[in-house]
Amino acid sequence: MMMHIDVSSVLRQTLSCELYSNLVTRPTGAAVRTQIEALLGDSRERTLTVIDFSHVGMIDFSCADEVVAKLLLRYVAEERGNREAYFLFRGVTEDHWDAIEAVLERHGLALVLESADGSGAHVGGIVNDRERVAWNTVYELGRAAPADVASAIGSPPSDCERLLETLHRRRLLMRLEDDYIAVGGLADARA
Amino acid sequence: MTSVITVPPSLDDHTFEQVVEQLASVPAEAKLVVDARHTRWASPYGLTALLALGQTRETRPSFTAPDMEDTASYWARTGFFKHADEIYELHGAVPKARGGESSVLLEITPVVKSEDVHEVVGRIQQKAQQILSKELNIDAKATVGFAMTLSEVCQNIVEHAGRGGWVGVQTYTWRKRLANRRVVVIAVCDAGLGFRQSLESAPGKVRSDRWDDAAALEEAVIRGVSRFRDPGRGQGLAGVRRYVGRWDGKVSVRSGTAKIAIVPSWDDDVPLLEKLAPFPGAQVQVTIPERVSGGPR
């Protein structure tokens, strides 16, 4: 299931005010995240949600911690039973990234960012070189078997499988049967 | 008995210490007159700190406005008297604020709740972009960081002070230390709990052998410790430090009996001052200087 959440709209609904387009203050961030979580619901099926910052003026550190880090911590870093929630972040500018990058570093998190022109995606935040190379390889291959990725990156298959599994647990890669697909690597995810 | 506190001719974060020293021996319930008749200039820190001072008194203090017409008029345009009128009994010639002041980026504004921070950030953005890029020669993209910095220092009041405070943002020319370079200054002052008391309220807080206002400031400002257990807390001031470092700026935080500062090369302030006269709450100042060609980015 795919969802699109316009953070700016959520912000306006949350504050019941058309005047504010900035994601500032911790209470605002907590309220926006709560609203996003409500939109995500409790479905146990696999979901890919586009979190769209295109119309957000600015985000401060406290708000980034509430909206981005805590959202990821809840759905990505922690195991939540069978819930597979993936996120693709759209419309994140350099200005937003200053605050978002800081909170990702603080929590050791990573996420997938859609490129500015919407033509591609890349990983941001805390990933090591091997993880980044593996993710990029899966992204380029499309749907990829571990053996193909191992061959492409010149890694022993067992090491590569562990690497891909780590990226899957971090919700940066989706697993479809025995294959992997990069979040943001699906054409329909960027539609 | 009435005690009189004399405000120095030039009031900034350094000379405000003279005010605090005079205040130290005056009981909170004593009748107080704050005499600014001979004051000719005040930074936004000085003005917001004077409002915080008024907040600390148990009986409504008196305030005598500057004799100099230009000074009083300027203070009116910064919004000082509007708020001082709610805290002090005002004496002397208090002019009505007429027209905006171009050097005042944000007139003195109370910060009590989260919505106030939204308001402050919303109001600053457009003007900040113009000032930062045109007057301070700083890349326009620094505007967002500036607004973020403002947001985070204001949130300190909402999250930790336990009572309201004030923020003011202003530009001026720094003649002494920066050879006539322009600076933009954010001042945020409150008379609330202060850093030490805030950190002491953390669940399970273990005090070290050396636990005082200076230690509390080092924990909060340098190590990003917060009273909340949430590991995401404490990032605001870290972000402020990062922004200030990027633009060769300065940040200082006074709380209780100590003051800590991240001091750039152009300034000769002391990184940590201890055993100052006590003053409640937290008083924060962020200074971003005009960028000269070849300066840091």
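Every chain is numbered from 1, with letters handed out A, B, ... down the list of sequences.
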Original post:
Checking heavy atoms, do the side chain of A69(A), its backbone, both or neither come under 4.5 Å from chain B?
Top reply: neither
Original post:
Relative to chain B, which segment of A64(A) carries a heavy atom at a distance below 4.5 Å: side chain, backbone, both, or neither?
Top reply: neither
**OP:** Would you list the pairs meeting salt bridge (Lys or Arg N to Asp or Glu O under 4.0 Å) in which at least one residue belongs to residues 24-41 of chain A, sequence neighbours left out?
**Re:** R26(A)-D65(A), R26(A)-E66(A), R33(A)-E37(A), R33(A)-E66(A), E37(A)-R74(A)
**OP:** Not counting sequence neighbours, list each pair that qualifies as a salt bridge (Lys or Arg N to Asp or Glu O under 4.0 Å) and has a residue in residues 138-148 of chain A.
**Re:** R143(A)-E177(A), R143(A)-D179(A)
**OP:** Evaluate the side-chain proximity of D98(A) to R242(B): yes if any heavy-atom separation is below 4.5 Å, no if none is.
**Re:** no
**OP:** State, with a plain yes or no, whether a side-chain heavy atom of H107(A) is found less than 4.5 Å away from one of Q235(B).
**Re:** yes
**OP:** Please report the shortest heavy-atom distance between H118(B) and N22(A), naming the atom on each side.
**Re:** CE1-O, 3.4 Å
**OP:** Kindly write out the residues that satisfy side-chain hydrogen bond (donor to acceptor under 3.5 Å, both in side chains) with T34(A), not counting sequence neighbours, or none if the list is empty.
**Re:** none
**OP:** Sort by residue number and list every member of residues 149-159 of chain B having a non-hydrogen atom under 4.5 Å from chain A.
**Re:** S151(B), E152(B), Q155(B), E159(B)
Original post:
Taking G145(B), S114(B), G224(B) one by one, which has the highest count of heavy-atom pairs under 4.5 Å against chain A?
Top reply: S114(B)
Original post:
Who among T143(B), V117(B), V121(B), V240(B) has the most heavy-atom pairs with chain A under 4.5 Å?
Top reply: V121(B)
Original post:
OG1 of T28(A) to CD of E115(B): how many Å apart, nearest 0.5 Å?
Top reply: 7.0 Å
